[in-house]
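Everything below concerns the one structure shown next.
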Protein chains: 2
Amino acid sequence: MKKTDQSGYLREDSSNYDKDAFEKPSVTVDVAVCTILDNKLHVLLIRRPFPPFKNYWALPGGFVNIEKKESLEDAARRKLEEKTGIENVYFEQLKTYGEPSRDPRMRIITVAYYALVPSSHFKTVEASSPEEPRWFPLDCLPEKIAFDHRTILFDLLIRLRGKISYSPIVFSLLENKFTWTELQSAYEIILGKKLLAPNFRRKLLSMYNLKEIEEKQKTKGRPSTLLVFENEKEF
Amino acid sequence: MKKTDQSGYLREDSSNYDKDAFEKPSVTVDVAVCTILDNKLHVLLIRRPFPPFKNYWALPGGFVNIEKKESLEDAARRKLEEKTGIENVYFEQLKTYGEPSRDPRMRIITVAYYALVPSSHFKTVEASSPEEPRWFPLDCLPEKIAFDHRTILFDLLIRLRGKISYSPIVFSLLENKFTWTELQSAYEIILGKKLLAPNFRRKLLSMYNLKEIEEKQKTKGRPSTLLVFENEKEF
DNA sequence: TCAAAAGTGTTTGACCTACACCCATGG
DNA sequence: CCATGGGTGTAGGTCAAACACTTTTGA
């Protein structure tokens, strides 16, 4: 441990900074990928093959590559791609978790991200790796969850519930073309309550540009018209 | 650089983890303290005495003390106290900034926090240190701002504007006792627009428990009744 | 008695809620 | 022709915007 001046600045009488004046933590990124399956919001977890928390379920994640000057979000996207093959999806920073005791090995600070994907994006995810990536319903997580990842998932749900009311994140969970029912169902799943169709439609039409396309989708009853999300409405 | 297995996990055939398997970034915390002065939202900046960004204005902050197992929020609170003497205030994590180029010296990831204080809390802040801590209006920041701190302050304003509508953060900016006018003014300052008093009062009464106390406050015209924020309303 | 700021009441209209109803298809 | 799910119209209530108004003080 080298000396620093009392204000906590790195010394710089010479123009060389002392990169090791302070002990450093490790920094990881963790990614909570969400999708809708069976009318539930699911999140992808992997089974940890090593201690600590061996055989516990955890968010996919890993160390940021400092040598390659990788940005935090790039690291998160890379980790997701490496572990699940999922790419090019909605991505946003959630929060940073840095309690000293969160990892028993050493001080690790993790920057949590979340991603939203339509459920068509990942046919090949399952069983492709020794870590057995698996989708779990957010309201029915396994008992054994590693680190503080349960807290992260809790915070995620809060974030999604808040954000859905003013931001077009739902469309990241849906295919390009979708029906009113699918759209409404996505809202209901995230908010955890039933909505009334007519009111729901009026509200969404007033918020976003939703274009009806000619194509129809067959169902048991009357076929539903397909919609496309064009862009956010100006105001 | 030691070897890791291909999945990016630390090797752990032995039960000793290799703490230096990955190069680590430095981790700092930065704090944006806000208060209301002269009917404007102000933020506290200090003048950097050393390069990089010598003489530029920056958020108070510094390295997290890893040896002492300091949590991120504790570090942020400590830094604020060290540099400004401000303690025991509303505190919340804002976002983490980790672009590889944000600090020219080396890779530094910073976890930004914000704090809200009533303007009575800091008589002694100014000029008490070589760093000349000074309050700047958020809408009129100095030209020379260090690092990506302008971005942080931008994100902060977005956060405050969003959060004020569903959370009682305003009360952290006010004294224990305050007038309707002060309360409304705080909203107007953060939202950047005028509000109508009758509607504003009805709205806040429906959201929070505001108790009128006997005491009055003198002004030029009719004296105003003082209020106390009791707690959030159940529902 | 007037200016200045605090505080109240009331109308209007937008928007949300709830529900009843109609439409298109498969069996 | 009936069951099923898609889709629409409308009456009623709630709440926020806007504005006019009253009250209380100091000068």
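Residue numbers start from 1 in every chain, and the chains themselves are labelled A, B, ... in the order their sequence lines are given, proteins ahead of strands.
Rounding to whole angstrom units, CG of residue B:L205 and P of D:dC15 are separated by 14 Å. Atom CD of A:E212 and atom C1' of D:dG6 are 11 Å apart (whole Å). Regarding A:F200, its CZ atom lies at a distance of 16 Å from the C1' atom of D:dT8, rounded to whole Å.
Here A:F171 and A:Y90 keep their ring centres 6.0 angstrom or further from each other.
Among residues at least two apart or in separate chains, salt bridge (Lys or Arg N to Asp or Glu O under 4.0 Å) pairs with a member in residues 141-155 of chain B are B:R102-B:D148.
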Please tabulate the protein-to-nucleotide N/O contacts below 3.5 Å involving nucleotides 16-19 of chain C, giving atom names and distances.
from: C:dA18; atom 1: N7; to: A:N199; atom 2: ND2; distance (Å): 3.2
from: C:dA18; atom 1: N6; to: A:N199; atom 2: OD1; distance (Å): 3.2
from: C:dA18; atom 1: N6; to: A:R202; atom 2: NH2; distance (Å): 3.1

Taking only N/O atoms, report every protein-nucleotides 25-27 of chain D pair under 3.5 Å with atom names and distance.
none

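The existence of a salt bridge linking B:R78 and B:E81 is excluded, since no basic side-chain nitrogen approaches an acidic carboxylate oxygen closer than 4.0 Å.
Within the 4.0 Å cut-off from OP1 or OP2 of D:dG7, at least one side-chain nitrogen or oxygen of A:T225 is found.
Applying the side-chain hydrogen bond (donor to acceptor under 3.5 Å, both in side chains) criterion to A:N176, with sequence neighbours excluded, gives no partner residue. Residues satisfying the side-chain hydrogen bond (donor to acceptor under 3.5 Å, both in side chains) criterion with B:E99, sequence neighbours excluded, are absent altogether.
A donor-acceptor pair under 3.5 Å is formed between the side chain of B:Q184 and the backbone N or O of B:L195. B:R159 places a side-chain N or O within donor-acceptor distance of the main-chain N or O of B:L94, the cut-off being under 3.5 Å.
No side-chain N or O of B:S224 forms a donor-acceptor pair with one of B:T179 less than 3.5 Å apart.
In this structure, B:F147 and B:Y97 have side chains that are not in contact, with every pair of non-hydrogen atoms separated by 4.5 Å or more.
Taking the six-membered ring where the residue is Trp, A:Y113 and A:F91 present tilted rings, their angle falling between 30° and 60°.
Listed by residue number, B:W180, B:T181 are the residues of residues 176-195 of chain B with a heavy-atom contact under 4.0 Å to DNA chain C.
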